[in-house]
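Values below: all heavy atoms of this structure, side chains included; hydrogens, waters and symmetry mates excluded. Read the numbers this way: they start at 1 and go in the same order the structure lists the ligands and their atoms.
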Amino acid sequence: MTSLVWLRRDLRLHDHAALATALAELHAVQPVFVFDTEILARFANPRDRRLVFIAETLCHIDTQLKERGGRLLVLHGKAADIIPKLAAALGAKAIYSAEDFEPATRARDEAVKKALAPTTRFVQVLDHLMRAPQRMLKADGTPYKVFTPFYKLWRADMGPTDYAQYEVKDAGRYAKAPSSFKAAEGAGLTRINLDEGPAELLAQIGYQYTKDSLWRVDDVPARLSSFIENKLAAYPTARDVLPIIGTSQLSPYLRFGLVSVRECVRAAMEKGGGEKWIAELGWREFYAAILYHFPHVVTLEFNAQYQNGAIPWNNDENMAQAMFSGQTGYPVVDAAVRELLETGYMHNRARMIVASFASKDLLLDWRLGEEFFAQHLMDYDLASNNGGWQWAASTGTDAAPYFRIFNPILQSKRFDPEGEYIRRYVPELRGLSTADIHAPWESPLTKPANYPMPIVDHATAKDRAVAVFKAAGHKMGGEH
Ligand SMILES: Cc1cc2nc3c(=O)[nH]c(=O)nc-3n(C[C@H](O)[C@H](O)[C@H](O)COP(=O)(O)OP(=O)(O)OC[C@H]3O[C@@H](n4cnc5c(N)ncnc54)[C@H](O)[C@@H]3O)c2cc1C
């Protein structure tokens with residue numbers, strides 16, 4: 001008898017809640033991954049680096065599985081249809097997967113559950129988060145809307161049992177791959193062949209492979225331990241310095257589950273002195289809980305006061321084009337956008353500067369910025385991205401007060417004092433002195449002709465944003 005372990009945001013074989021739970025039963029286990037056409041429809045770029053990352057990860061997992069007597073079954077199609085068909089074809093007794101908290105994936109999982117034969121159980125376990133959003137409630141049973149009290153509960157009594165590792169004792173426990181593959185194909189499902197490597201894998205689903213040496217998939221434990229050993233202690237201050245890597249850069253690995261959040265918390269707890277970093281993992285869970293309890297944030301402002309046109313958001317295409325191609329004339333803003341386009345990553349401080357500039361200085365609809373990040377971030381996560389943009393636009397939880405608008409020149413001088421970050425990503429400005437680089441238009445004689453003038457005057461734009469928010473009746477303080 002067989003069980004399926006459906007891998008989604010938990011692309012690893014260690015410390016794996018769904019796999020460990022499946023192995024605790026006596027059935028043979030068949031791991032499966034689906035390239036869900038409903039999700040792929042959002043990936044417009046044929047060379048999307050996230051798909052390269054996933055393809056490499058799946059090949060890596062398959063290699064590990066082969067060593068342990070199993071194989072990964074990869075399918076292509078609409079997951080909500082495929083998974084029940086596969087379960088029927090294999091006569092699966094159960095499907096194990098990690099619980100997902102996004103509205104669309106929750107709906108998909110419900111559809112899968114309904115379509116399963118009564119003899120197949122659908123078992124979901126907590127893996128993606130330390131604490132289930134359903135349990136993160138105030139004393140009166142309502143969800144938190146402010147981070148600090150949420151975090152107090154989240155962090156309270158967190159100890160070794162919370163971050164204990166799920167042991168995966170899988171030797172000899174996998175289903176015979178040839179018969180699983182045959183059953184899947186016999187049921188008319190499109191199986192993706194992993195034998196020829198990631199490039200051929202991607203070709204089968206209509207995407208192209210480009211080697212990406214920035215985001216390797218085979219060195220994740222070393223990345224975590226190197227951060228914990230070398231950078232955790234300095235993290236509270238180094239995390240804001242733009243030109244250095246003062247943070248873990250683990251976000252893509254957490255996003256796709258190559259590392260578990262339990263491993264991260266455990267490593268930081270055991271090392272000690274990692275409270276600030278653990279709090280950032282808390283923000284990740286806070287935004288996941290906000291999305292779970294307030295799914296309207298996907299399209300609307302969290303704060304009802306700003307919904308339905310209360311803020312005259314700008315949808316000007318030329319302005320959006322300048323903003324999201326790194327041509328605003330504000331060097332630190334442009335460096336940040338170009339960092340994202342070049343690497344698939346953007347420093348957290350830079351994300352805040354960019355989101356503030358777009359939503360306040362340009363009054364661009366925060367949804368445009370959110371979508372731009374969604375298309376390019378390696379670590380794109382609906383909950384964190386939406387939370388970050390709504391925070392910067394002052395429409396979300398714990399929102400930045402509307403009158404506290406980042407000054408891009410002061411931010412640049414403070415967090416990139418020598419202009420190193422700017423020089424790295426804005427080659428036109430490499431020849432400028434440190435004195436000139438933060439605001440090149442102030443020195444017309446040295447400003448390179450091929451770098452734009454500022455798209456707006458910050459002081460004027462700031463006054464305009466404050467006036468717009470005031471008119472929308474921004475109320476300050478407390479919970480919304
Ligand atoms: C406008 C905006 C958009 C963002 N979009 C995303 C996104 O799509 N995906 C994403 O993972 N993060 C997002 N963030 C949060 C944050 O910028 C990234 O998580 C962080 O930069 C990742 O780098 P790191 O792994 O080195 O983080 P570290 O500083 O090492 O933090 C460790 C982990 O904690 C989590 N984390 C850290 N800061 C935050 C935060 N503010 N909110 C939620 N989780 C956090 C991440 O999982 C991160 O990997 C966004 C922030 C802003 C301001």
(request) Compute the shortest N/O to N/O distance between T247 and ligand 1 and return yes if it is under 3.5 Å, no if not. (result) yes
(message) Tell me the closest heavy-atom pair linking F324 and L341, and the distance in Å.
(response) O-CD1, 3.9 Å
(message) Tell me the protein heavy atom at minimum distance from atom 3 (C) of ligand 1, and give that distance in Å.
(response) N385 OD1, 3.3 Å
(message) Looking only at protein heavy atoms, which one is nearest to atom 30 (O) of ligand 1, and what is the separation?
(response) S248 OG, 2.6 Å
(request) Report the member of G387, A393, G388 with the shortest heavy-atom distance to atom 1 (C) of ligand 1. (result) G388
(message) Give the atom numbers and elements of ligand 1 that come within less than 4.0 Å of a heavy atom of Y235.
(response) 28 (P), 29 (O), 31 (O)
(message) Which of the numbered atoms in ligand 1 are under 4.0 angstrom from any heavy atom belonging to D381?
(response) 7 (C), 8 (O), 9 (N)
(request) Just go through K231, R223, E370, E280 and tell me whose heavy atom is the nearest to atom 45 (C) of ligand 1. (result) E280
(request) Run the salt-bridge test on R351 and D379 with the 4.0 Å N-O cut-off and return the result as yes or no. (result) yes
(request) Compare D379, L382, N386 and give the one whose heavy atom is closest to atom 9 (N) of ligand 1. (result) D379
(request) Flag Y287 as yes when one of its N or O atoms lies below 3.5 Å from any N or O atom of ligand 1, and as no otherwise. (result) no
(message) So that I can tick it off, tell me whether D381 and R284 are bridged by a salt bridge, with the cut-off set at under 4.0 angstrom between side-chain N and carboxylate O.
(response) no
(request) Decide whether the shortest distance between a heavy atom of Y253 and an atom of ligand 1 is less than 4.0 Å. (result) no
(message) So that I can tick it off, tell me whether R42 and E371 are bridged by a salt bridge, with the cut-off set at under 4.0 angstrom between side-chain N and carboxylate O.
(response) yes
(message) If you take the nearest heavy atom of each of W277, Y380, F286, W283, which one is closest to atom 32 (C) of ligand 1?
(response) W277
(message) Looking only at the aromatic ring of each residue, does the gap between the centers of Y330 and W441 stay below 6.0 angstrom?
(response) yes
(message) Tell me if the centroids of the rings in F286 and Y144 come within less than 6.0 Å of each other.
(response) no
(message) Within ligand 1, which atoms have a heavy atom of L254 less than 4.0 Å away?
(response) 47 (O), 49 (O)
(request) Could you tell me which atoms of ligand 1, counted from 1 in the order shown, lie closer than 4.0 angstrom to a heavy atom of Y345? (result) 21 (O), 22 (C), 23 (O), 24 (P), 26 (O)
(request) Could you go through the salt bridge (Lys or Arg N to Asp or Glu O under 4.0 Å) check for E56 and R216 one step at a time? (result) CA-CA 8 Å; E56 289 190 329; R216 286 180 51 182; over 6 Å; no
(request) For the pair K462 (side chain) and N407 (backbone), establish whether a donor and an acceptor sit closer than 3.5 Å, ignoring hydrogens and angles. (result) no
(message) Heavy atoms only, cut-off 4.0 Å: how does L377 contact ligand 1, side chain, backbone, both, or neither?
(response) side chain
(request) Indicate yes or no: does R9 engage E102 in a salt bridge with an N to O separation below 4.0 Å. (result) yes
(request) Would you mind running through ligand 1 and noting each atom that sits below 4.0 Å from a heavy atom of Q249? (result) 24 (P), 25 (O), 26 (O)
(request) Using heavy-atom distances, let me know which of L281, N348, V259 sits nearest atom 17 (O) of ligand 1. (result) N348
(request) Measure centre to centre between the rings of Y306 and F469, then say whether the value is under 6.0 Å. (result) yes
(message) If we only consider heavy atoms of M352, is any one of them less than 4.0 Å away from an atom in ligand 1?
(response) yes
(request) Name the closest protein heavy atom to atom 6 (C) of ligand 1, giving the residue it belongs to and the distance to 0.1 Å. (result) R351 NH1, 3.3 Å
(request) Could you walk me through whether R423 and E418 pass salt bridge (Lys or Arg N to Asp or Glu O under 4.0 Å), step by step? (result) CA-CA 9 Å; R423 284 192 196 91; E418 304 298 321; over 6 Å; no
(message) Between D240 and R349, does any NZ, NE, NH1 or NH2 come within less than 4.0 Å of an OD or OE carboxylate oxygen?
(response) yes
(message) If the threshold is 4.0 Å, N to carboxylate O, is there a salt bridge linking R262 and D162?
(response) no
(request) Would you indicate which of S251, G369, A392 comes nearest to atom 48 (C) of ligand 1 when only heavy atoms are counted? (result) S251
(message) Taking 4.0 angstrom as the limit and counting only heavy atoms of F373, give me the atoms of ligand 1 inside it, by number and element.
(response) 1 (C), 3 (C)
(request) For atom 47 (O) of ligand 1, grab the closest protein heavy atom and report residue, atom and distance to one decimal in Å. (result) R284 CD, 3.3 Å
